[in-house]
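To keep things clear, I will list the structure first and then write my remarks on it.
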Amino acid sequence: MAPAACLNFASMMGQGSSFLVTLSKPQQTPSGFSIRYNDEVLLVTRVWEDTPMDTWNREHPTRQVVYGSHVISVNGKRNIPEMIIALQESCNIRM
């Protein structure tokens, strides 16, 4: 059984296509990816092994989140500082 959902929905844009990513994780557990950012998007720089994002990638080989994937919103926020705060602090996240 999956732990309580803390990261629920992720809409990622990478390699010219958009898709929805759904992750479940316990509170206080990282979602499993590192980011950089520019003025418009969060850029995925690494997906860590044995994390919720790694599990997503293994279960969805045609919709993997990889180096260079773009996170275009988090919980409806498109402002970079608000997106980062939502990733760090929110238990239920829609991206």
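Residue numbers run from 1 in the order of the sequence given.
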message: To the nearest 0.5 Å, what is the distance between CD1 on Ile85 and CG on Asn79?
response: 8.5 Å
message: For residues 55-77, which residue pairs pass the salt bridge (Lys or Arg N to Asp or Glu O under 4.0 Å) check, not counting sequence neighbours?
response: Asp54-Arg58
Can you list, pair by pair, the side-chain donor-acceptor contacts under 3.5 Å of residues 41-50, counting residues two or more places apart and other chains?
{"residue": "Thr45", "atom": "OG1", "partner": "Ser34", "partner atom": "O", "Å": "3.3"}
{"residue": "Trp48", "atom": "NE1", "partner": "Ser34", "partner atom": "OG", "Å": "2.8"}

message: With a 4.5 Å cut-off on side-chain heavy atoms, are Met53 and Ser31 touching?
response: no
- request: Return the minimal non-hydrogen interatomic distance between Gln64 and Ser69, and the atom names on each side.
  value: O-OG, 4.3 Å
- request: Return the minimal non-hydrogen interatomic distance between Pro30 and Pro52, and the atom names on each side.
  value: O-CD, 3.7 Å
field: Flag side-chain contact, heavy atom, 4.5 Å: Thr51 against Phe33
entry: no
- line: Interatomic distance, CD@Glu40 vs CD1@Ile80, rounded to 0.5 Å, equals 8.5 Å
- prompt: Step by step, would you call Val71 with Val65 a side chain to side chain contact (heavy atoms under 4.5 Å, CB included)?
  reply: CA-CA 10 Å; Val71 179; Val65 176; over 6 Å; no
